[in-house]
Amino acid sequence: MADSEEKKKRKRPERPEYEEDNGFAQFGGYMEAKISKLEQQFAESAKTSGIQKSNLFSGVSIFVNGHTNPSAEALKVIMMEHGGVFHQYERSHTTFIIASNLPDVKVRKMMPSKTIIRPEWVVDCVKEKKILDHKKYLYDFNHKVSQPKLLAFTGGAGKDTGFSEVRTAVNPNFLSEFYNNSRLHHISTLGLTLKDYVNELREKHSGDFPGREDLKDLKRDDSGASTKFIMHIDMDCFFVSVGLRSRAHLRGLPVAVTHSKGGRNPVSTTGQITEELLAWGDREVADENLKNILGTNPSKSLSLSEIASCSYEARAKGIKNGMFMGTALKLCPDLQTIPYDFDQYREVSYILYNSISKYTLDIEAVSCDEMFVDLTNLLRSTGVRCEDFVSHIRSEIRNATNCPCSVGIGGNRLLARLATRKAKPDGQYFFPADNVLKLMEDIHLKDLPGVGYSTFDKLKEKGLTTCGHLQKIPLVQLQKDFPGKSGENLYNLCRGEDNRPLNFTRQRKSVSTEVNYGIRFTRKTELETFLKQLCEETSKRLREVGLRGKSVTLKLMIRAQDAPVETAKFMGHGICDHITKSASLPGFTDDPEAIFRAVWRISEELSVDPAELRGIGVQVTKLSKQETPKSSSLVNLFNQMKSKPTVSLPEKKPMDAVEVKQPEDFEVDPEVLKALPPELREEIVKDYANWTKANKKSPLKTSPEASKPQSTARNSNISANNILSKKNWMKILTQWVNSSDSPKSCDVEHLSCNAVEFIRSRNICDLYSQLEYLRLIVDQKDSCFWHTSYKSLIQGIQVEMLNIYEIQLKITDLSCKRCK
DNA sequence: ATCCTCCCCTAC
DNA sequence: TAAGGTAGGGGAGGAT
């Protein structure tokens, strides 16, 4: 970030009339203009109103981010009273960012190199009547204050709100609140996102792998071996490693990622937990939890929050993923906990995948922090030795993410995976090609992929715990207990044989939405309302991936007969019976109502008691790709909107290439604005109107065309199909950017030509606004295809600017860290 | 035989 | 307090 800032400064020609503060910063666009205007107003009103009490904050400017106490408004007044500056928008010369209550991701994303302090600094300075050392007020990223919660969730509305309605699925905000906090949801959806990402990269790939250039210096492999090389990469305790990037002081300590801060669970009873744990998940972890809880004073209950990820130092004390926080604290009382940071996980995941995709796209994405890569082609065409490439890529990942990863290599996916186990933590290991059968003998059966705790228990009952044991069992005998393919797989895997190919692309077979937490209904209408939400969510997800389904399945978890009504785990599902039932949909559909009708019918048939329900899911299957008749091409959009009577455009004229046109006045499209995120909307709407009004009266003085009246400046030829010259450019750009995950190159080119026309006709102010707007909406896009296209567009524009004005536009960088 | 539905299991 | 999701493989057993 600081790097690109540097570059920009260096590139800008050093002409005094365009110095940052007296000119060029305000050269283009309403964005800059409105910001300066606000600040000026601020300073002036402080002086003229006579409220200024001191010059305490002279030379100090603050920008308040998020909710603070005192409020932004109050801080503004304080700054005003004491000669400081309050920035409505964060600016490059802002002295401090004030924040007390923000997710650190957001803070760091927005101001990577800024000093962020707590609002108390302002208050205390006034109290002490001097500028205090701000270092004592630095925003503490480690002590994360919880976000202000909705009243309904804190129970703050009053004790009589009825317990069950406060934080159960009855609350209309439950679903989003739950999904925001569910680690399993995030792990799952992030994994899907990255699988799609690999698909996308493969589809769009040009055939060039830029990373291979870097391998030139590595040793050649002259052995000429034609073996298959499967690489398995896995980040080490992913969530913890990501969390430690900003918490260097916790490195080397036992650390765990969890919701809990180690508090006590006030409701559970020992007996109940025992019962539930016997029917639950990872047996080893369950046993450990159980042992711990049985030895606990029943009056002192434990945190049942699960540990999502723990450091190797924590593992050394016996702590495991999935373990209750209470249990973990018993094993290690000084266990450090850090909160989830799902945005950061996503960011690091992309860096991981981008690192690999520079070299090859023979990738099977497994999850957000794990993948298989077939190195065979890469090694053959570069001639690089496998171990050299692995060392190279591991250090590259480490440098790019600041997180360790481990790599296993083998002749097939099984051996690669087993090798990774040996490699961990932070290492690499090659499963030898000879003697595989012998080497497999010591592998624990639980380590075979596909052997979970149920299969393992079955095997253990027969006295089988290692692959060596299993190798002695003939296939037919094995298939008595594990019929068909199940037995066959075991038979092959325990011998180190695995012929399952890597799947580089993947087509989805189902889309589902389920919640098995916080389900506590008393009335049927509550169930109905929630089920509708689930169907809407399912429909949304179908549409996101452009699929429709022909069949829907309702999945229910119902409290088991003898299970207690209140679960040991807060709002958990306890011991349940599982029911699923499917129905046909009217043709391929993604319509939420159609899905709901089908699912509601099933629910009626099953006639479940809403009060007994502990979990609900909606799954759509038999999928088919949705037709996309609408083209998202920019030019098409432009033409479509042109013919629509709702858009106020001048009479359509024949597309005369030589027609002389003037850009129409800009207008802010309310429809467009409605669709924008609130922060962005506010930013745009606030002063746009004022600015344009003010501007009509007096054109910008700092423009290179200042000597000419605005109308003259616009007097050059602008072709009729120049999108930027249209009144509804904002709408066109918005729809274009929203219409797809990657722009068509012809559209980018078209826009580039349009921009160049503007530059040539000396219409820089409008162009600047439009580029600023484009940046804002592209920045919101979670697609590096858009980001890079935007950047190449800007690059072309800057070239033209240099040609004509010998100067560049001041363009803010995109915030995306994945693409650089 | 083959397909469909309803389960169970597994992985992250 | 706590945030127990999501997709796929595969078997049993019935319908075709």
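Sequence lines set the chain letters: A, B, ... in the order given, protein chains first and strands last, and positions in each chain run from 1.
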- In whole Å, what is the span from the CG atom of A/N181 to the P atom of C/dA3? 10 Å
What pairs of nitrogen or oxygen atoms, one from the protein and one from nucleotides 9-11 of chain C, lie under 3.5 Å apart?
{"from": "C/dG9", "atom 1": "OP2", "to": "A/K509", "atom 2": "NZ", "distance (Å)": "2.9"}
{"from": "C/dG11", "atom 1": "OP1", "to": "A/P483", "atom 2": "O", "distance (Å)": "3.0"}
{"from": "C/dG11", "atom 1": "OP1", "to": "A/K485", "atom 2": "N", "distance (Å)": "2.6"}
{"from": "C/dG11", "atom 1": "OP1", "to": "A/S486", "atom 2": "N", "distance (Å)": "3.0"}
{"from": "C/dG11", "atom 1": "OP1", "to": "A/S486", "atom 2": "OG", "distance (Å)": "3.4"}

- Between C1' of C/dA2 and CD1 of A/I307, the distance in whole Å: 14 Å
- Task: Indicate, with a heavy-atom threshold strictly under 4.0 Å, whether A/Q507 touches base, sugar-phosphate, or nothing.
- Result: sugar-phosphate
- Query: Mapping A/S182 and A/L192 onto DNA chain C by nearest heavy atom, which one lands closer to the 5' end?
  - Reply: A/S182
- Using the rule for Phe, Tyr, His and the six-membered ring of Trp, do A/H259 and C/dA2 stack at under 5.5 Å and under 30°? no
- Message: Students often get this wrong, so: under 4.0 angstrom with heavy atoms, is A/R541 touching a base, only sugar-phosphate, or nothing?
- Response: sugar-phosphate
- Using only side-chain N and O atoms of A/R506, determine if any of them is under 4.0 Å from OP1 or OP2 of C/dA7. no
- Message: Expressed as a whole number of angstroms, how long is the span from A/L556:CG to C/dG4:C1'?
- Response: 16 Å
- Message: With a 4.0 Å cutoff (strictly under), does any side-chain N or O of A/T513 reach OP1 or OP2 of C/dT6?
- Response: no
- Query: So what does A/L190 hit on the nucleic acid, given a heavy-atom distance under 4.0 Å: a base, only sugar-phosphate, or nothing?
  - Reply: nothing
- Could you tell me whether the side chain of A/S182 and the main chain of A/F178 form a donor-acceptor pair under 3.5 Å? no
- Query: What's the CD1-C1' distance between A/I519 and C/dG5, to the nearest Å?
  - Reply: 13 Å
- Note on the structure: Under a 4.0 Å heavy-atom criterion, the protein footprint on nucleotides 4-12 of chain B, written with B, S and -, is -SSS-SSSS
- Message: Under 4.0 Å between a side-chain nitrogen and a carboxylate oxygen: does that hold for A/D236 and A/K424?
- Response: yes
- Message: I need the NZ-P distance between A/K195 and C/dG5, as an integer number of Å.
- Response: 18 Å
- Nearest heavy-atom neighbours spanning A/L414 and A/P449: CD1-CD, 3.4 Å
- Side-chain donor-acceptor pair under 3.5 Å between A/S188 and A/R183, yes or no? no
- Message: Could you tell me how far apart A/L175 (CG) and C/dG5 (P) are, to the nearest whole angstrom?
- Response: 11 Å
- Query: OP1 or OP2 of C/dT6 sitting under 4.0 Å from any side-chain N/O of A/Y179?
  - Reply: yes
- Query: Can you find a side chain N or O atom of A/T189 that sits less than 4.0 Å from OP1 or OP2 on C/dG5?
  - Reply: no
- Message: Is the terminal nitrogen or CZ of A/R346 (NZ for Lys, CZ for Arg) located under 6.0 angstrom from the six-membered ring centre of A/Y350 and within 45° of that ring's axis?
- Response: no
- Would you kindly say whether A/T538 and A/T513 are connected by a side-chain donor-acceptor distance under 3.5 Å? yes
- Task: Would you mind reading off the distance between A/F174 atom CZ and C/dG5 atom C1', rounded to a whole angstrom?
- Result: 12 Å
- Query: Regarding A/S305 and A/T258, is there a side-chain donor-to-acceptor distance under 3.5 Å anywhere?
  - Reply: yes
- Query: Phosphate oxygens OP1/OP2 of C/dG5: is one of them under 4.0 Å from a side-chain N or O of A/S512?
  - Reply: no
- Task: Using the ring pair (Phe, Tyr, Trp, His ring centres under 6.0 Å) rule, pick out the option among A/Y517, A/Y340, A/Y179, A/F342 that qualifies with A/H185.
- Result: A/Y179
- Task: May I ask you to check whether A/H232 and A/E370 show a side-chain donor-acceptor distance below 3.5 Å?
- Result: yes
- Item | A/H185 vs C/dT6: side-chain N/O to OP1/OP2 distance below 4.0 Å | yes
- Nucleotide C/dA7, atom P - distance to CZ of A/R508 in whole Å: 5 Å
- Query: Does a salt bridge link A/R601 with A/E605, judged by any charged N lying under 4.0 Å from a carboxylate O?
  - Reply: no
